[in-house]
Amino acid sequence: MARILITSALPYINGIKHLGNLVGSQLPADLHARYMRARGHEVLFICATDEHGTPAELAAAKAGEPVAEYCARMWRVQKDIADGFRLSFDHFGRSSSDRNRRLTQHFAERLSAAGLIDEVMERQVYSKADGRFLPDRYIEGTCPNCGYEKARGDQCENCTKQLDPTDLINPRSAISGSTDLEVRETKHLHLRQSAMRAHLRDWIDTREGWPVLTTSIARKWLDDGEGLQDRSITRDLDWGIPVQKGEKPWPGMEGKVFYVWFDAPIEYIAATAEWADAHGLGEDGWRRWWRADEGAGDVRYTQFMGKDNVPFHTLSFPATLMGSAEPWKLVDYIKSFNYLNYEGGKFSTSSGRGVFMDQALEILPADYWRWWLLSNVPESSDSDFTWESFQNGVNKDLADVLGNFVSRITKFCRSRFGEALPEGGAPGPEEAELAAELSRRLAEYERAMEAIEVRRAAQALRAIWVAGNEYLQRAAPWTKMKESPEEAAMIVRTGLNLVRLYAILSRPFIPDAAGAMLTALGLTENEPWPESAEAALAALPSGHAFTTPDVLFAKLDDERREALEARFAGKG
RNA sequence: GGGCCCGUAGCUCAAUGGUCAGAGCAGACCGCUCAUAACGGUUUGGUUGGGGGUUCAAGUCCCUCCGGGCCUACCA
């Protein structure tokens with residue numbers, strides 16, 4: 001038994017996430033957490049909403065709510081949707097928590113004491129009409145390079161030229177449209193990442209077996225141009241964690257807050273503390289997961305995230321932890337994902353293109369989405385959601401292969417023997433062959449799950465389901481009924497034990513259907529992971545009662561698929 | 001502009017430099033009748049994007065060209 005710490009990248013508070021966000025971090029993290037729990041490890045699975053920053057303030061203003069209320073409401077919405085997808089977080093925290101405020105201020109104090117914080121006077125664009133400094137992205141104007149009129153202050157999306165806000169012709173606020181802008185001086189804290197470059201590189205270079213996607217992005221940032229740059233960790237905003245040195249004020253930084261990307265990863269730790277608080281576990285309760293000097297030495301920590309998050313998790317956050325000169329637990333493995341596209345293009349919130357998490361759950365139960373998304377997770381390159389692929393995948397794998405297997409064996413037993421495992425007969429060569437096949441597949445499945453090779457694991461699981469249909473076809477109990485009812489009984493027993501085995505093995509992917517299978521067999525979710533295929537085939541004895549379950553997975557027909565395609569095609 | 005990733009069967013993807021490049025889906029044929037018109041078996045299908053090189057041996061390594069995607073630090 002090991003101790004496994006798992007974090008998923010934090011979903012931003014602003015709005016409901018689409019399927020691409022789900023599949024890029026939370027869902028595979030949940031798969032890993034569920035598997036590790038099933039194997040008897042002590043697992044702590046942490047996620048939270050990332051609540052600070054300009055977009056949250058603007059979204060709250062648009063909704064006509066104070067930002068704190070807006071965030072509280074959206075946290076609830078995201079939590080309910082996460083529950084709907086059966087994301088098994090041990091704690092779903094909030095980066096606006098008091099725990100995170102204290103920890104973030106603590107890290108700032110430590111970094112300052114270590115000489116890793118510079119105070120830098122910056123010149124930034126201020127909008128009088130909006131009463132706020134504008135991030136580069138929120139300044140629009142005409143591109144000096146191509147004349148595009150809606151170029152943003154950081155980059156022109158028409159000609160892709162990198163810009164500085166002061167390059168723009170006729171700059172205006174993207175928020176209000178106001179042209180009453182001026183450049184003001186404002187002081188900010190910079191994290192001296194450049195000073196930690198060698199240290200970070202050594203660390204990255206000694207990580208073994210990390211995905212290329214993870215290390216290549218990290219190296220690019222370490223080596224690009226003049227190398228890793230210092231990074232501003234504060235902002236002129238109202239909504240955020242006040243800049244302080246621990247509990248003490250930070251002279252000259254009054255009224256400023258930490259940048260979301262500084263405080264968001266710290267929330268991984270803070271959320272663990274929130275979890276410990278909620279369970280009355282005290283300070284030790286969370287520190288044993290995060291402090292190498294207080295018990296975290298044997299923790300294996302894995303982070304899940306989309307590729308856009310990699311620089312912050314490979315560089316900025318480790319720099320924060322290392323720079324504190326305290327023995328904080330560093331990540332052991334970063335599993336990063338590419339993007340999921342929608343019908344050949346990008347998911348788009350603004351044009352209503354693609355499926356969002358709340359809509360998905362209205363259409364079909366969580367398991368359908370979990371299965372398709374995980375078995376098509378963008379592991380080695382971007383992948384594409386299409387309704388055709390989704391329909392084909394869930395109909396074939398879930399309805400035809402798994403669902404129909406459960407259906408045929410339970411119904412056959414009910415009509416010939418009644419709703420209890422029948423007695424008689426002894427396993428023979430067919431059963432030995434089945435056990436051998438299952439052993440091979442199970443080893444493959446376990447290896448892939450341990451290595452977090454998600455697609456491969458899904459393939460292995462599917463092959464295990466297929467093995468049941470192959471076995472029934474070979475053993476043909478419907479034929480044996482005539483000549484040897486006892487042998488048929490033994491085959492049916494074996495088949496019903498396969499249902500139990502499938503429920504246990506499939507639970508990380510499709511927890512609800514697995515639960516329904518266990519319930520039908522009169523079992524609970526406490527059924528242990530199989531010791532061996534042979535043992536699993538004889539786990540339930542003759543006489544064990546069951547109920548014939550309803551159809552586990554209904555099929556998605558062409559008519560409905562076409563309607564869904566049309567509904568989510570977007571405005572333009 | 002710079003960097004990274006990818007290009008393999010009609011589609012989605014596999015293949016520590018080493019047997020005849022393999023799976024699933026789709027297609028074709030056969031079987032089965034327990035089951036959600038489901039299941040099983042057999043089978044068609046490849047100049048591994050083009051060209052050059054290294055090697056006893058290249059889908060894999062190197063060069064180059066073509067095509068696609070992503071990142072590029074103030075969206076998060």
Side-chain angles (χ1 to χ4, degrees), chain A residues 9-14 21 50-56 58 122 124-125 133-139 152-155 160-162 164-165 174 188 193 211-213 215-221 223-225 228-232 235 259-261 264 306-312 315-316 338-339 341 375-376 378-384 386 388-389 392-393 395-416 453 455-456 458-459 462-463 466 468-481 488 491-492 495 550-555:
Chain A
L10 308 186
Y12 195 65
I13 194 68
N14 178 9
N21 299 126
D50 175 16
E51 302 194 357
H52 296 135
T54 307
L58 296 180
E122 297 183 1
Q124 293 193 358
V125 174
F133 283 93
L134 296 177
D136 293 356
R137 286 249 166 164
Y138 288 95
I139 304 163
R152 291 184 319 221
D154 56 340
Q155 185 177 36
T160 74
K161 187 177 172 62
Q162 302 277 315
D164 190 87
H188 283 290
Q193 298 186 138
V212 176
L213 186 62
T215 52
S216 66
I217 292 173
R219 291 211 173 86
K220 154 79 165 143
W221 281 50
D223 298 330
D224 192 39
L228 186 62
Q229 300 296 297
D230 294 346
R231 195 175 179 102
S232 169
R235 290 291 183 274
Y259 177 40
V260 278
W261 262 115
K307 57 187 168 186
D308 52 334
N309 274 262
V310 169
F312 305 99
L315 303 168
S316 308
N338 288 282
Y339 290 148
N341 290 318
S375 57
N376 292 279
E379 219 160 13
S380 58
S381 63
D382 291 357
S383 63
D384 196 27
T386 67
E388 193 181 353
S389 169
N392 191 268
N395 285 357
K396 193 72 196 168
D397 298 346
L398 297 180
D400 293 348
V401 176
L402 177 61
N404 182 54
F405 174 80
V406 173
S407 184
R408 69 195 292 204
I409 190 65
T410 51
K411 286 179 180 169
F412 183 78
C413 184
R414 181 175 64 180
S415 67
R416 307 302 167 93
E453 293 175 13
R455 279 182 180 232
R456 204 176 271 264
Q459 276 174 24
R462 188 186 186 283
V466 167
N469 284 313
E470 290 171 348
Y471 166 70
L472 279 190
Q473 201 67 30
R474 282 198 313 269
W478 46 90
T479 305
K480 295 271 174 21
M481 272 312 281
I491 294 164
V492 167
D550 293 332
V551 166
L552 276 182
F553 298 100
K555 292 200 194 188

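In this text the structure is predicted, and so the values were computed from the model without any measurement.
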Checklist entry - Quick one: is B/A38 close enough that its OP1 or OP2 comes under 4.0 Å of any side-chain N or O from A/K555? => result yes

Next on the checklist: Distance check, C1' atoms only: B/G1 and B/U19, in whole angstrom units.
Outcome noted: 47 Å

Checklist entry - So what does A/D308 hit on the nucleic acid, given a heavy-atom distance under 4.0 Å: a base, only sugar-phosphate, or nothing? => result base

Checklist outcome for this item: Here RNA chain B, pairs taken as Watson-Crick or G-U under 3.5 Å and shown with ( ), [ ] when crossing and | when to another strand, reads (((((((..((((....[...)))).(((((.......))))).....(((((..]....))))))))))))....

Checklist entry - For A/F553 and B/A35, what is the distance between atoms CZ and P respectively, to the nearest whole Å? => result 20 Å

Checklist entry - So do the side chains of A/D397 and A/F553 get within less than 4.5 Å of each other, counting heavy atoms only? => result no

Next on the checklist: Work out how far the P atom of B/G3 is from that of B/C20, and round it to whole angstrom.
Outcome noted: 39 Å

Checklist entry - Considering only the P atoms, how many Å lie between B/G59 and B/G7, rounded to the nearest integer? => result 14 Å

Checklist entry - So what does A/E122 hit on the nucleic acid, given a heavy-atom distance under 4.0 Å: a base, only sugar-phosphate, or nothing? => result base

Checklist entry - Which part of the nucleic acid, if any, lies within contact of A/E388, taking any heavy atom under 4.0 Å across all strands shown: a base, the sugar-phosphate backbone alone, or nothing? => result nothing

Checklist entry - Just checking A/L552: base, sugar-phosphate only, or nothing, at a heavy-atom cut-off of under 4.0 Å? => result base

Item to check | Separation of the C1' atoms in B/C39 and B/C32, to the nearest angstrom | outcome: 8 Å

Checklist entry - Hey, what's the ring geometry for A/F412 with A/W478, parallel, tilted or perpendicular (30° and 60° as the breaks)? => result perpendicular

Item to check | Gap between atoms CG and P, on A/N469 and B/G24 respectively (whole Å) | outcome: 14 Å

Next on the checklist: Base, sugar-phosphate or nothing for A/R416? Non-hydrogen atoms, less than 4.0 Å.
Outcome noted: sugar-phosphate

Checklist outcome for this item: Between A/N392 and A/S407, the residue closer to the 5' end of RNA chain B by nearest nucleotide is A/N392

Item to check | A/D384 CG - B/U12 C1' separation (whole Å) | outcome: 10 Å

Checklist entry - Distance between the P atoms of B/C65 and B/A58, in whole angstroms? => result 24 Å

Item to check | Same-atom distance (P) from B/A14 to B/G52, integer angstrom | outcome: 28 Å

Item to check | Phosphate OP1/OP2 of B/C39: any A/Y471 side-chain N/O under 4.0 Å | outcome: no

Item to check | pair A/H188-A/Q124: side-chain heavy atoms closer than 4.5 Å | outcome: yes

Checklist entry - Which whole number of Å gives the distance between the P atom of B/U12 and that of B/A26? => result 15 Å

Checklist entry - Hey, does A/V401 have a side-chain heavy atom less than 4.5 Å from the side chain of A/N469? => result yes

Item to check | B/C74 phosphate, OP1 or OP2, under 4.0 Å from A/R152 side-chain N/O | outcome: no

Checklist entry - Expressed in whole Å, how much space separates the C1' atoms belonging to B/A37 and B/G18? => result 46 Å

Checklist entry - Any side-chain N or O of A/R455 under 4.0 Å from OP1/OP2 of B/A23? => result no

Checklist entry - How is A/F405 classified with respect to the nucleic acid when contacts are heavy atoms under 4.0 Å: base, sugar-phosphate, or nothing? => result nothing

Checklist outcome for this item: Atom CG of A/N404 and atom C1' of B/A35 are separated, to the nearest Å, by 5 Å

Item to check | Rounded distance (Å) that lies between atom C1' of B/A38 and atom CG of A/L402 | outcome: 13 Å

Checklist entry - Nearest-Å distance, CG (A/N395) to P (B/C39)? => result 11 Å

Checklist entry - With a 4.0 Å cut-off on heavy atoms, is A/V406 in touch with a base, just the backbone sugar-phosphate, or nothing at all? => result nothing

Checklist entry - What is the distance, rounded to the nearest whole Å, between atom CG of A/L472 and atom P of B/U36? => result 14 Å

Checklist entry - Contact class for A/P311 vs. all strands (heavy atom < 4.0 Å): base, sugar-phosphate, or nothing? => result nothing

Next on the checklist: So, OP1 or OP2 of B/A15: does either fall under 4.0 Å of a side-chain N or O from A/R456?
Outcome noted: yes

Checklist outcome for this item: Here the distance between atom P of B/A35 and atom CG of A/D550, to the nearest Å, is 16 Å

Item to check | side-chain N/O A/K307 vs B/C5 OP1/OP2, d < 4.0 Å | outcome: no

Next on the checklist: For a 4.5 angstrom cut-off between non-hydrogen side-chain atoms, does A/V492 reach A/R416?
Outcome noted: no

